Undergrad: 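Structure below; questions to follow.
In what follows, chains are A, B, ... by sequence order, proteins preceding strands, each numbered from 1. Keep in mind that what you see is a predicted model, and the values were worked out from it rather than measured. Just so it is clear, the values below take in all heavy atoms, side chains as well, and ignore hydrogens, waters and symmetry mates.
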Number of protein chains: 2
Amino acid sequence: MPRLERETRKKRPFDLPQQAVVLNVLRDNELFQHRFGQLFREYGLTQPQYNALRILRGEGGPLPCLEVASRMIAVVPAITRLLDKLEARDLITKRQDAGDRRVWNVAITSKGLNLLAKLDKPLLDMYRALCGHMTKTECNQLVKLLEKARQRITPESPESS
Amino acid sequence: MPRLERETRKKRPFDLPQQAVVLNVLRDNELFQHRFGQLFREYGLTQPQYNALRILRGEGGPLPCLEVASRMIAVVPAITRLLDKLEARDLITKRQDAGDRRVWNVAITSKGLNLLAKLDKPLLDMYRALCGHMTKTECNQLVKLLEKARQRITPESPESS
DNA sequence: TGGATATACTTTACATATCAACTATTTACA
DNA sequence: TGTAAATAGTTGATATGTAAAGTATATCCA
């Protein structure tokens with residue numbers, strides 16, 4: 001019996017190889033997310049909060065709220081509340097755009113940058129702890145296949161099927 | 001620039017191949033979950049609700065609440081509410097165990113089975129729509145690598161590091 | 001046999017995902 | 001110009017993930 005079916009004590013085999021792909025992705029994700037969630041919480045963050053901050057750090061400057069949302073594959077209303085909470089903790093700033101007053105630009109603060117910096121090393125350690133038993137070649141191969149697996153799905157607008 | 005970094009407009013390359021693995025798993029999962037969530041909602045279910053029902057159908061008989069939780073990698077309090085809601089909709093039954101009165105056994109009802117049956121074909125279509133461009137060989141290889149990737153993580157008790 | 005411990009949940013509280021509906025502002029165009 | 005449509009974001013309601021604390025029952029063991 002393949003591994004996932006044994007782990008979940010599933011009685012029926014997979015109907016399709018594609019089904020096995022999807023369910024195994026979901027499974028790995030659950031396990032990974034659980035660990036990362038624990039780490040982030042030690043630093044007073046949740047995963048989505050961390051993601052938003054990391055996007056802003058990577059950008060290096062202000063971004064419109066919806067741009068942050070699209071990079072996170074977050075549904076729009078979720079971003080409003082998430083960013084509001086980060087702003088309330090002074091981890092980001094949120095300012096109305098001068099040119100288009102519908103737009104609110106958010107940027108990471110130095111307090112936010114400091115918090116992220118504290119997480120950099122523990123995160124690298126976590127990556128190694130979770131997947132350090134895989135060789136670089138295996139990792140690259142797995143990444144390539146994961147890229148191909150999501151090829152048919154538009155990343156920018158998940159709702160456009 | 002590797003694909004995920006371009007998709008998310010990330011400016012820095014990955015520090016580790018293991019990091020790329022984890023982040024690509026999270027990415028595929030987000031995209032997959034989004035699509036499946038939409039499908040389930042058309043049938044009045046959420047993903048966790050569907051999972052619980054599928055576990056009970058697969059089992060073919062009653063299971064203790066916590067057994068359902070462990071197969072879903074759900075934290076315990078979440079299961080209580082989820083199962084209560086399914087019971088309120090008559091999709092499952094929940095009965096106190098005669099031998100051990102701490103235990104509540106849940107089982108899927110015929111109404112629950114009918115609902116799941118309606119989803120079987122759309123789900124197979126979805127698997128094909130998402131990953132149908134991958135060959136069987138690629139799927140199997142990807143599954144093997146995903147299994148290896150989670151090898152170090154105990155599936156039964158995610159909290160036991 | 002009785003008290004400490006373990007087990008199987010439940011309850012509460014807070015954060016996020018999701019949809020639907022709404023506000024404010026801008027753009028397109030007749 | 002002025003009205004319809006599009007865009008950017010907010011608000012409200014329901015469901016789940018998570019931790020912490022509580023309840024009921026069972027088990028261990030001195």
Undergrad: Between D/dA8, C/dT16, D/dA15, which nucleotide gets closest to the side-chain atoms of B/Gln49?
TA: D/dA15
Undergrad: Side-chain N or O of A/Arg101 less than 4.0 angstrom from OP1 or OP2 on C/dA24?
TA: no
Undergrad: Quick check for you: among C/dC19, D/dG9, D/dT18, whose closest atom lies nearest to any side-chain atom of B/Ala78?
TA: D/dT18
Undergrad: For A/Gln38 and D/dT18, is the shortest distance between a side-chain N/O and OP1 or OP2 below 4.0 Å?
TA: no
Undergrad: Nearest 0.5 angstrom please: A/Arg102 CZ to A/Cys65 SG, how far?
TA: 13.5 Å
Undergrad: Contact class for B/Ile79 vs. all strands (heavy atom < 4.0 Å): base, sugar-phosphate, or nothing?
TA: nothing
Undergrad: Please state how far atom CD in B/Glu30 lies from atom P in D/dT16, giving the value in whole angstrom units.
TA: 20 Å
Undergrad: Closest heavy-atom contact between A/Asp90 and A/Thr109?
TA: O-OG1, 2.7 Å
Undergrad: With under 30° as parallel and over 60° as perpendicular, where do the rings of A/Phe36 and A/Tyr127 fit, or are they tilted in between?
TA: tilted
Undergrad: On the nucleotide C/dC9, are OP1 or OP2 found under 4.0 Å from the side-chain N or O atoms that B/Lys94 carries?
TA: no
Undergrad: Given D/dT10, D/dA19, C/dA17, identify the nucleotide with an atom nearest to the side chain of A/Pro77.
TA: D/dT10
Undergrad: For B/Arg81 and for B/Cys65, find the nucleotide of DNA chain C with the closest heavy atom, then tell me which residue's nucleotide is more 5'.
TA: B/Cys65
Undergrad: Can you figure out which of D/dG9, D/dT16, C/dT18 approaches the side chain of A/Val76 most closely?
TA: D/dG9
Undergrad: Write down the distance between CE (B/Met72) and P (D/dT18), rounded to a whole number of angstrom.
TA: 11 Å
Undergrad: Among D/dT16, D/dA6, D/dA26, which is the nearest nucleotide to the side chain of B/Arg102?
TA: D/dA26
Undergrad: Would you say A/Thr46 reaches C/dT16's phosphate, i.e. side-chain N/O to OP1/OP2 under 4.0 Å?
TA: yes
Undergrad: Taking the side chain as everything from C-beta on, heavy atoms only, tell me whether B/Leu91 gets closer than 4.5 Å to B/Ile108.
TA: no
